[in-house]
Amino acid sequence: MIKVDLSKAKLAESVESYKDQVASIHDMIHNKTGAGNDFLGWVDLPLNYDKEEAEAIKAKVDELKDEIDVLLVCGIGGSYLGARAAIEALNGLFPTNKVEIIYVGNTFSSNYIAQVKEYVKDKEFAINCISKSGTTTETSIAFRIFKDMLEKTKGKEVARKRIIATTDKAKGALKTLSNNEGYTTFVVPDDVGGRYSVLTAVGLFPIAMAGIDIDALLAGAAKAREDLNNPNIEENPAYQYGVARQILCKQGYPAEMFVTYELQLQMTAEWWKQLFGESEGKEGKGILPTSATFSTDLHSLGQFIQEGTKVLYETVLKIEKPISDIEIPSDPDNLDNLNYLAGKTVDFVNKKACEGTIDAHVNTGGVPNIQITMDELTPYTYGYMIYFFEKACALSVYLLDVNPFNQPGVEVYKKNMFKLLGKPGA
Ligand code: PA5
């Protein structure tokens, strides 16, 4: 389902030489014996996810989908990136699904929040507030603003039906409020961290509201769980990728650029950046995750990649078959000299751009290149891809002897901010 090609990665060591280390980390992941082992719920999630909750998610979607125009997904970081990545990847940037998904709670930008308020003021909207802790400031502020708006325009009764909280099963401010108000609630499992939570209700409810088949998404992830539950690196592409990136880091490439050729995969890159950046960037270690969308960014960052400081390697996510393709028309005047492409498709050009760019970056620019290929973008393959990167990330970070599942560094700015804001007790 996913192929990893390391033939252009310029690896100084073979990934197979990590065979024993990989096998023992594989055991650590599956037997839950490594650092952060209380956050390994994602490993078996595609099999033992809460089936009743999945049905409740679909029932809530059925209840709301004809009644609302907009779903406000209110969350930040791991509480929204996965859903947004999947929705944009699968529905594209101009979706035809009746319910429009808009993301709030991910910023303190008053400009943005005010614009969303203006945009939804004459629309029927619902709010899915997603917060494991229930206390994240960006999310809580936006939720307070839009909850107030909904209650004032529609009344408390309607608001109660249109607010869905995804949070801890028992504790936190959002859970308490939900109990008091009688909101529908979905659960963020204790043993799944934010950046690994897309296949829980955190991702599943918004993804289902966007009209995407969550059963297929979970089935794809389950297939990946089966395929990648293999300690043998020679047969496990997720582990090959996870090891290759650490070899390149050791070779003097501290930055990884995640490249796609699809604008609708930009949020997938954002999700990937959080997954790897927050899992790995600790104790003065880790690879800086960056991203680019080609050919768009070949007209900006392309220069640096080709001839700038040699700090990065590229990981290209290739999709063999586009969701839709367009034929380039013939033009009798041919003033743009494009008739040599008439009858070819835009995706054909995209593929040639990819081929030519890899050659230019690898052979002329000396930039190592990892290629990851998927057949197509469907809910099933996307579910597979999510699990692939989660597994690769866990293995890769354990190779660095770092706990992949905590994020102690993200608290520092919050402490300063709370002091400056005069938060009681800060
Ligand atoms: O991965 C993480 O842990 C973070 O990105 C969190 O998901 C993010 O900070 C939001 O936290 P919460 O879900 O508690 O509101």
Side-chain angles (χ1 to χ4, degrees), residues 35-43 45 72-86 103-109 113 127-147 163-178 183 185-207 267-282 286 289 291 386-387 389-391 393-394 396-397 402-418 423:
N37 54 14
D38 41 351
F39 284 100
L40 280 162
W42 59 270
V43 175
L45 194 63
L72 295 176
V73 171
C74 186
I76 194 166
S79 285
Y80 100 105
L81 278 168
R84 186 167 184 177
Y103 304 89
V104 293
N106 55 351
T107 179
F108 291 126
S109 164
I113 298 169
I127 309 168
N128 179 203
C129 186
I130 309 169
S131 178
K132 186 172 187 177
S133 61
T135 54
T136 300
T137 317
E138 289 88 340
T139 305
S140 302
I141 288 177
F143 182 50
R144 183 184 273 221
I145 290 167
F146 287 103
K147 170 177 160 290
I163 293 174
I164 303 97
T166 307
T167 190
D168 188 272
K169 65 176 183 313
K171 58 180 191 299
L174 184 56
K175 181 66 189 169
T176 309
L177 175 72
S178 303
Y183 300 153
T185 55
F186 298 125
V187 174
V188 189
D190 289 338
D191 56 356
V192 180
R195 58 191 172 276
Y196 277 83
S197 69
V198 52
L199 298 171
T200 70
V202 170
L204 296 178
F205 180 68
I207 292 170
M267 287 309 299
T268 297
E270 296 304 313
W271 170 79
W272 173 91
K273 279 195 254 186
Q274 188 201 359
L275 181 65
F276 282 85
E278 210 171 43
S279 299
E280 186 169 54
K282 293 160 207 172
S291 66
I386 288 168
Y387 193 90
F389 281 120
E390 289 178 347
K391 197 83 192 279
C393 181
S396 202
V397 178
V402 160
N403 176 354
F405 306 114
N406 63 1
Q407 52 283 328
V410 300
E411 297 309 317
V412 187
Y413 94 91
K414 291 185 195 167
K415 252 187 163 170
N416 291 348
M417 180 182 75
F418 290 144
K423 184 178 176 177

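Note that ligands are numbered from 1 as they come in the structure, with each ligand's atoms numbered from 1 the same way. Keep in mind that what you see is a predicted model, and the values were worked out from it rather than measured.
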Chemist: So, using side-chain contact (heavy atoms from CB on, under 4.5 Å) as the criterion, who are the partners of Ile141 when residues are at least two apart?
Modeler: Phe108, Thr137, Ile145
Chemist: Tell me whether the count of non-hydrogen atoms from other residues, nucleotides or ligands lying under 6.0 Å of NZ in Lys414 goes above 12.
Modeler: yes
Chemist: With sequence neighbours excluded, what pairs up with Val397 under the side-chain contact (heavy atoms from CB on, under 4.5 Å) test?
Modeler: Ser279, Glu280, Cys393, Val402, Pro404
Chemist: Parallel, tilted or perpendicular: which one describes the rings of Phe276 and Phe389, with boundaries at 30° and 60°?
Modeler: perpendicular
Chemist: Show me the short polar-atom pairs for ligand 1: any N or O of it lying under 3.5 Å from a protein N or O, with distances only.
Modeler:
unit_1: ligand 1; atom_1: 1 (O); unit_2: Arg195; atom_2: N; d: 3.3
unit_1: ligand 1; atom_1: 1 (O); unit_2: Gln274; atom_2: NE2; d: 2.9
unit_1: ligand 1; atom_1: 1 (O); unit_2: Glu278; atom_2: OE1; d: 2.9
unit_1: ligand 1; atom_1: 5 (O); unit_2: Gly78; atom_2: N; d: 2.9
unit_1: ligand 1; atom_1: 5 (O); unit_2: Gln274; atom_2: NE2; d: 2.7
unit_1: ligand 1; atom_1: 7 (O); unit_2: Gly78; atom_2: N; d: 3.1
unit_1: ligand 1; atom_1: 11 (O); unit_2: Thr136; atom_2: OG1; d: 3.4
unit_1: ligand 1; atom_1: 13 (O); unit_2: Ser79; atom_2: OG; d: 2.6
unit_1: ligand 1; atom_1: 13 (O); unit_2: Lys132; atom_2: N; d: 2.7
unit_1: ligand 1; atom_1: 14 (O); unit_2: Lys132; atom_2: N; d: 3.4
unit_1: ligand 1; atom_1: 14 (O); unit_2: Ser133; atom_2: N; d: 2.8
unit_1: ligand 1; atom_1: 14 (O); unit_2: Ser133; atom_2: OG; d: 2.7
unit_1: ligand 1; atom_1: 14 (O); unit_2: Thr136; atom_2: OG1; d: 3.4
unit_1: ligand 1; atom_1: 15 (O); unit_2: Ser131; atom_2: OG; d: 2.6
unit_1: ligand 1; atom_1: 15 (O); unit_2: Thr136; atom_2: OG1; d: 2.5

Chemist: Could you check Thr200, Ile130, Thr166 and say which one makes a side-chain contact (heavy atoms from CB on, under 4.5 Å) with Phe186?
Modeler: Thr166
Chemist: What pairs with Tyr103 under ring-ring contact (aromatic ring centres under 6.0 Å, His included), at least two apart in sequence or on another chain?
Modeler: Tyr80
